[in-house]
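A, B, ... follow the sequence lines: proteins, then strands. Residue 1 opens every chain.
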Amino acid sequence: MTDSTVPTIEDFQSRAADQGFEFELARYAAALSTHAGMRDALLRLRKVPLSFLEPTEPNSALVWIENGGESK
Amino acid sequence: MSDLADLTATELLGLFASKEATPIDAVQACQARIDAVDGKLNAVLVNLGEQALVEAEASTARWAGGTAGPLDGIPFGLKDIVSSEGVTTTGGSALFKDNVPMTDAALATRLKAAGGILLAKLHTFEFACGGAENRTFGPCHNPWDLDRTTGGSSSGSGAAVAAGEVTLAIGTDTGGSIRIPAAYCGITGIKATYGRVPRHGVMGLSWTLDHAGPMTRSVADAALMLGVIAGYDERDSTSSKRAVPDYAPSIGAPVGGMVIGRPRGWFEDQIQPEMIDALEAAVAQYESMGVQVVDVDLPDVDLWDVAAWSVMYPEALSYHEAHVYDVENRDAMGAGMLAASPYVHAVDYLRGLRYRRIAQGQLEVAMRGISALIVPGASSVAPPLSSISDTGNSADWLISATRTSIPFNYTGNPGLCLPSGLAGGLPTSIQLVGRPHDEASLFALGSAYQAVTDFHLARPSMLAGV
């Protein structure tokens, strides 16, 4: 079954243009291939619940590193 | 006596101390090696031999006067994304070919203060984006096979250390750019804990994932060099304020009874069989040394990987937004990467940053009771230069090549890459991964391995007769 949510080259062209970028046509196809290769993992990643109540803001990762890899 | 260009920093320092050689001898030996081989390698972008000789004379005087520093008289090179006062720092790009910084990077200042002698600025792929080519400066060739890539993006650092052009080099690593060229070129490289080495003065690619660190010929040298360059610098807000330990006692420390974890799965799938064979041999070597190797479970590393790329793409685009207009004049890998960057949604970028703490928690659980993980140093031996496409979707190659390295840029854990043998005449490697700020355990395990193996002493055949 085709995943209808997979972006198309036209989607990528539109998104790039919206940010003021324009690439040769082959670049969009290459980018699409790259992102398609990671799509399944990305969809799984999106399903991982991120806590609203526990601190998971980006700096919490730096605190863990500074603590020597120990949750405190 | 061996050619001084082939010795480690630790060996050279011993010779300087015993007055059997001087820093002048060492600089001259490395300069002679550059003259002999760099026409084939193209690892050196700027040769500072004349200035280095002047500094070697001063260093020789310090040794005579008893005031030598911890790296006094050791010739080193800097990847050319690391700022050097008064010396061009190109980022490997035509856009910066005339860029002359007014100040040294923090780590360069520390190397010089320790007595190190900057001999060369070294080749890099454009803006440290990985790949194989460099249309501005030409390709860098692997000393083990000139038709193969050094890996990168610390291409010149890998080749120059392997070939004896410099004794020590600095590389940088956003997805594996210290460890991959170390693996492909048969040298030792460490990506220390995120924040351990300040990034001030180092051109950025992804501030969440960027690291700088040593590329050397032995674990002892890596420990020595890291001890010099590590530590807080107020000009890098992410640098760690933790005290820098003395790594010297770790070298040769007993490892019997230590436990290493082996996470198979992601780290051993899609890996060249020769690299798995080398890993098995290294595991057997450690077990013969009284180290226990146990399987550990890290089932979600594919999510770490996609999360890391979800972070890298937007941050790289943010750094290089002003260069996108001219993307077709950039080298293939960087161009492919930038052209693939505008499609990560903001919420996915933020998810990548927030999920990082979850990935770290998984790693924390997996590493309970063990000192380090062991994984392949790279997904393959050095591939042919011609196999890495210079057009089309070279980003896919990069994603594959970083498979065993980028997970630890993402979590921030230190990774030590060690030569583990030869397969078809090309170096294989292993990577030891430690807890954050526990480089000492990696140095103990790595130096123990190099005490009973001689893989790090192997030299490319192109050096025979040089």
Under 4.5 Å heavy-atom distance to chain A, tell me which part of [X] shows up: side chain, backbone, both or neither.
| X | result |
| --- | --- |
| B/Thr208 | neither |
| B/Asp438 | neither |
| B/Ser240 | both |
| B/Leu350 | neither |
| B/Ala359 | neither |

Legend entry - B/His345/A/Arg46 under side chain to side chain contact (heavy atoms under 4.5 Å, CB included): CA gap, chis, key distance, verdict: CA-CA 12 Å; B/His345 294 288; A/Arg46 285 174 176 168; 3.7 Å; yes
Legend entry - Within-4.5 Å side-chain heavy-atom neighbours: A/Arg44 and B/Asp300: yes
Where is the tightest heavy-atom contact between [X] and [Y], given as atom of each residue plus distance?
| X | Y | result |
| --- | --- | --- |
| B/Ala339 | A/Arg27 | CB-CD, 3.7 Å |
| A/Pro49 | B/Ile358 | O-CD1, 4.1 Å |
| B/Arg356 | A/Ala61 | CD-CB, 3.7 Å |
| A/Ala31 | B/Ala340 | CB-CA, 3.7 Å |
| B/Asp302 | A/Ala41 | O-CB, 4.0 Å |
| B/Gly412 | A/Ile65 | CA-CD1, 4.0 Å |

For the interface with chain A, which of [options] has the highest count of heavy-atom pairs at distances below 4.5 Å?
| options | value |
| --- | --- |
| B/Lys241, B/Arg351, B/Arg196 | B/Arg351 |
| B/Leu338, B/Leu353, B/Leu363, B/Leu303 | B/Leu303 |
| B/Asp305, B/Leu317, B/Val344, B/Thr193 | B/Leu317 |

Is a donor on one side and an acceptor on the other found under 3.5 Å between the side chain of [X] and the backbone of [Y]?
| X | Y | value |
| --- | --- | --- |
| B/Arg242 | A/Glu66 | yes |
| B/Arg354 | A/Ser51 | yes |
| B/Gln360 | A/Leu62 | no |

Legend entry - Toward chain B, the part of A/Phe23 with a non-hydrogen atom under 4.5 Å: side chain
Inset, instruction - Describe, in one word, how the ring planes of A/His35 and B/Tyr343 are oriented to each other, choosing from parallel (under 30°), tilted (30 to 60°) and perpendicular (over 60°). - result: perpendicular
Inset, instruction - Please collect all salt bridge (Lys or Arg N to Asp or Glu O under 4.0 Å) contacts where either partner lies in residues 317-326 of chain B, sequence neighbours excluded, each pair once. - result: B/Asp326-B/Arg330
Inset, instruction - Hey, could you give me each pair passing salt bridge (Lys or Arg N to Asp or Glu O under 4.0 Å) that has a residue in residues 9-25 of chain A? Not counting sequence neighbours. - result: none
Inset, instruction - Output, in order, the C-alpha distance, side-chain angles, deciding distance and verdict of side chain to side chain contact (heavy atoms under 4.5 Å, CB included) for B/Val327 and A/Phe21. - result: CA-CA 10 Å; B/Val327 74; A/Phe21 303 132; over 6 Å; no
